[in-house]
Number of protein chains: 2
Amino acid sequence: MNLKELSKHLGLSQTTVSRALNGYPEVSEATRARVVAAAQAHDYSPNTRAQGLATGHSRCIGHVISVGDSGEMVNPIFGDFMAGAGETYAEHGYDMMLTRVGERDEAETYRRLKARGAVDGIVMHAPRFNDSRLQLLDDLGLPFVVHGRSSGARVPYSYLDVNNRRAFYEATRHLATLGHRRIALINGQEKLDFAIRRRKGYEEGMEASGLIVDPALMTQDEMTEDYGYRSAVDMFDLADPPTAFLVSSIICAAGVRRALDDRDLRAGQDVSIATFDDCLSYFRNSAVPPVFTAMQSSVRAAGKALAQMLIDRIDTPGAVHVHTLWEAEFVVGGSTGPLKE
Amino acid sequence: MNLKELSKHLGLSQTTVSRALNGYPEVSEATRARVVAAAQAHDYSPNTRAQGLATGHSRCIGHVISVGDSGEMVNPIFGDFMAGAGETYAEHGYDMMLTRVGERDEAETYRRLKARGAVDGIVMHAPRFNDSRLQLLDDLGLPFVVHGRSSGARVPYSYLDVNNRRAFYEATRHLATLGHRRIALINGQEKLDFAIRRRKGYEEGMEASGLIVDPALMTQDEMTEDYGYRSAVDMFDLADPPTAFLVSSIICAAGVRRALDDRDLRAGQDVSIATFDDCLSYFRNSAVPPVFTAMQSSVRAAGKALAQMLIDRIDTPGAVHVHTLWEAEFVVGGSTGPLKE
DNA sequence: TTGAAAGCGCTACCAT
DNA sequence: ATGGTAGCGCTTTCAA
C-alpha cells in the first residue's frame with residue numbers, strides 16, 4: 001500500500017493524505033481521523049526512500065567503527081551503548097546504520113556516506129590522538145558527534161567522554177592505598193585517545209603515591225584476551241613482578257586472570273586486578289571487599305545522551321558545541337559512591 | 001555532484017553515464033573510462049535513496065534485536081558477529097541497519113520495516129521456542145535468516161546455529177570426568193531456544209555420567225553479571241553446594257567468579273567454572289590445565305556466513321533453505337581440538 | 001552506441 | 001480545507 005493507493009481508496013488527494021499523516025494543521029480533524037484510521041488499517045508506512053528523496057534527508061544516523069580499533073566493537077559495553085543510542089533514535093524517528101571500515105578506507109567511507117546521502121549525521125567512535133577524521137567531517141559538512149575526545153585537534157566538535165584520566169588516577173591511588181607498589185598498566189593502543197588519557201592518569205597516580213613508573217609494567221595493544229594473558233605472563237617473569245593490575249578492558253582482564261590462575265599465584269601472593277572499561281570497572285583484592293561496577297544503565301544512558309546530542313546538531317547545524325564529561329563511578333563492596341571519597 | 005550535473009559536465013546523457021557506471025555492456029569502453037574517471041574526480045556516488053526508489057530495493061540489511069533479550073546486544077560476541085556480517089555486506093554493497101525493539105512492538109516493527117521498504121532482508125537474533133516471528137516474516141514475504149534456531153516452528157527457514165546441545169553435553173561430561181558430581185547450570189532465559197538446547201545437553205550429560213539432575217543447581221534468567229553472582233551465592237548456601245559451574249555467558253561467569261572470590265572458596269575447595277557463550281568457551285579446573293577458547297575469528301566467520309546466506313536468499317527468493325550447524329570447538333590447555341576426543 | 005522520457009513514492013509549493 | 005503538479009536523483013524502457 002502506497003500513498004497513491006491510500007488516497008484513491010479514501011477519495012482524497014495524495015496531498016491531503018500526506019498532510020493528514022504528517023500532522024499539518026490545515027487538515028480538518030475529521031479528515032485526519034479518517035486518514036489515520038485507513039493508514040493503520042492498511043498497514044501503510046511511507047516509503048523511506050521516497051520520503052527521503054522528497055525531503056532531502058534520510059532520517060538515518062551512521063555509526064562508523066574502524067577496523068584498526070576492532071576492540072571497540074568486541075567491547076562488551078559497545079552493545080549497551082548502541083542500545084541506548086538506538087532508543088533515542090527510535091524516539092525521534094531515526095534509523096541507525098552501522099559501518100565497519102578499514103583504517104585505510106576511512107576517509108573514502110565518510111565521503112561516500114555523505115555523497116550517497118545515506119545518513120543525516122555520524123557518530124564517530126574511538127578517536128585517535130589529533131584525529132584527522134574531525135577535519136574531514138567538518139569539511140564535508142556532515143553533522144557529527146564524537147564518543148570520546150581527540151587531544152590536539154583544532155577543529156571544534158561535540159563529544160561525550162568518560163573522565164579516563166581521573167578514573168585511572170583514582171584507581172591507581174586506590175591500589176596504592178591498599179599497599180601495592182608494583183602496579184601494572186595493561187592499556188589499549190596508545191594511538192587511541194582514551195588510552196593516552198588513561199596512561200596519564202595512571203602515571204599521575206603513581207607519582208602522587210610516591211611510586212615509580214616502571215616501563216616494564218606498562219603495555220599497550222589491541223585489547224584481546226590473549227594480549228592480557230601474554231602481558232601478565234611476561235610480567236610475572238620479572239625479578240620484581242607486579243602485585244596489582246590496572247586493565248583497560250574486561251576482555252583483557254580475562255586474560256590477566258587466566259595468567260594468574262596458571263601461576264596459581266593468587267593463593268600464595270596478594271594480587272589485585274582492576275579493570276576499567278569505560279564505565280565498567282572491576283576491582284579485586286583479597287584484603288578488601290570486592291569492588292565492582294558494571295553500570296550498564298550508565299553506558300546505555302551515555303548512548304542516549306550522545307544520540308540526543310547528534311540529533312540536536314542535525315536540527316541546529318550552527319549551534320555551539322557541547323562537551324559532556326562523565327565521571328566514572330565506582331561501587332565499593334556493594335555500596336555506591338565515587339572511589340575517591 | 002549528482003548524475004545530472006555529472007552528465008552535463010561530460011556532455012553525455014544521464015542514461016549513458018548511468019550505464020557506464022553500472023557496467024552495462026552497450027557503452028563503449030572509451031566512454032566508460034571517461035565517465036568513471038570523471039565520477040572519481042568529482043567524488044560522485046549515486047544517491048542511495050534515488051537509486052532505491054528507481055530500482056525498488058534498498059541495498060540495506062536489517063538486524064533486529066529484541067529488548068527482552070537485551071543480553072544479546074550486551075553479549076561480547078555480538079560485536080564480533082556484527083563485524084563479520086558487516087564485512088560481507090560491504091563486499092556486496094549492502095548497508096547494515098540495527099534495530100532494537102521492545103518485545104511488545106516486535107510484529108509492528110517488522111511490518112513497518114517491510115512497508116517502508118527500509119531493508120531488503122532481515123537477520124533475526126535470539127529466536128525463542130516456537131517463535132511467532134518466523135511465521136510473520138514468512139507472511140510478509142521479507143527475506144530473512146535466523147541466528148539460531150526455533151524448536152517447534154512449522155515455517156521453513158534458513159539458519160546458522162552452534163550445536164548448543166552437544167557443546168553443553170560435552171562440557172558436562174568433561175566436568176564429570178574431572179570428578180565433579182555437583183555441577184551447576186547457570187543458564188539464559190529458557191524461553192530462548194539456545195537456552196533450551198543447552199539445558200538439554202546438560203541434562204543428557206549428567207545422565208550419561210550417572211549424575212543426578214538437581215533443580216536446585218539450575219537457574220535461568222537474563223544473563224547479567226548480577227544474576228550470575230546471585231545464583232552462585234544462593235547455591236553456596238545449599239547443604240550440598242556445587243563444585244563446578246557451567247555458565248551460559250561470560251558476563252554471567254564474571255558474577256559467578258565474584259561469588260567464588262567472595263567465599264574464598266577456590267583456595268580450599270576444588271571449584272571449576274565453565275562458560276559457554278556461543279563459540280566462546282571457558283573452562284577452569286585447578287586439577288587440569290586451563291581450557292579456554294575465545295574464538296573471535298569463528299564468531300566473525302559465523303557473522304560472515306549468515307550474512308552471505310541472507311544475501312543469497314535475497315538474490316534467489318525461492319531457493320531451498322540452508323541450515324548450518326557449527327560444532328563448538330574447545331581449546332584445551334593451549335592445544336586445539338574438540339573436547340570430546 | 002547513445003539519448004529522450006517515463007516513473008519510482010513522496011513532499012511542498014501554488015492554486016482554489 | 002483540499003487538490004494539482006513539479007520536482008527529489010536515479011534506472012529503465014523505447015527510439016534512434
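Each chain gets a letter, A, B and so on, in the order the sequences are listed, and its residues count up from 1.
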Exercise for review: Figure out the CG/P separation between B/Leu53 and C/dG7, and round it to whole Å.
Suggested key: 14 Å
Check your understanding: What are the two closest non-hydrogen atoms of B/Gly62 and B/Val119, and how far apart are they?
Key -> N-CG1, 3.6 Å
Exercise for review: Measure from the side chain of A/Ser28, starting at C-beta and using heavy atoms only, and say which of C/dC10, D/dT2, C/dT1 lies closest.
Suggested key: D/dT2
Check your understanding: Looking at A/Glu5 and A/Met1, what are the two nearest heavy atoms and their distance?
Key -> OE1-CA, 3.2 Å
Point to revise | Student check: side-chain heavy atoms of B/Leu160 and B/Val145 closer than 4.5 Å | key: no
Exercise for review: Evaluate the side-chain proximity of A/Ile61 to A/Asp95: yes if any heavy-atom separation is below 4.5 Å, no if none is.
Suggested key: no
Review point. Is it true that B/His147 and B/Tyr159 have ring centroids separated by less than 6.0 Å?
Key: no
Review point. Would you call A/Asp161 and A/Arg149 a salt bridge, taking side-chain N to carboxylate O under 4.0 Å as the test?
Key: yes
Review point. Looking only at heavy atoms, what is the nearest atom pair of B/Arg19 and B/Val27, with distance?
Key: CB-CG2, 3.6 Å
**Study point:** Rounded distance in Å - CD (B/Gln51) to P (C/dG9)
**Key:** 16 Å
Atom pairs under 3.5 Å, N or O on each side, protein against nucleotides 12-16 of chain D: can you list them with distances?
from	atom 1	to	atom 2	distance (Å)
D/dT12	OP2	B/Tyr24	OH	2.6
D/dT12	O4	B/Thr15	OG1	3.4

Practice item. Could you tell me the separation between the CG atom of A/Leu10 and the P atom of D/dG3, rounded to a whole number of Å? Key: 10 Å
Study note, to complete from the structure: Between B/Asp120 and B/Ser58 the two heavy atoms that sit nearest each other are OD1-N, 2.8 Å
Review point. Separation of A/Leu21 atom CG from C/dG9 atom P, in whole Å?
Key: 16 Å
Review point. Ignoring hydrogens and geometry, is there a side-chain-to-backbone donor-acceptor pair from A/Asp80 to A/Arg300 under 3.5 Å?
Key: no
Practice item. Salt-bridge test for A/Glu26 and A/Arg32: reply yes if a basic N is under 4.0 Å from a carboxylate O, no otherwise. Key: no
**Study point:** Interatomic distance where CG belongs to A/Asn2 and C1' belongs to C/dG7 [whole Å]
**Key:** 12 Å
Check your understanding: Roughly how bent is the helix from C/dT1-D/dA16 to C/dT16-D/dA1 end to end, in steps of 10 degrees, with each end axis from five pairs?
Key -> 40°
Practice item. Could you state the atom-to-atom distance from CG of A/Leu3 to P of C/dC10 in whole Å? Key: 4 Å
Exercise for review: Name the residue closer to the 5' end of DNA chain C, choosing between A/Met1 and B/Val27 according to the nucleotide with the nearest heavy atom.
Suggested key: B/Val27
Point to revise | Distance in angstrom units between B/Leu6 CG and D/dG9 C1', rounded | key: 12 Å
Exercise for review: May I ask you to list the residues of residues 39-50 of chain B, by number, that have any heavy atom positioned under 4.0 Å from an atom of DNA chain D?
Suggested key: B/Tyr44, B/Pro46, B/Asn47, B/Ala50
**Study point:** Contact check, side chains of A/Val123 and A/Val64, non-hydrogen atoms, under 4.5 Å
**Key:** no
Exercise for review: Measure from NZ on B/Lys4 to P on D/dG7 and round the result to the nearest Å.
Suggested key: 8 Å
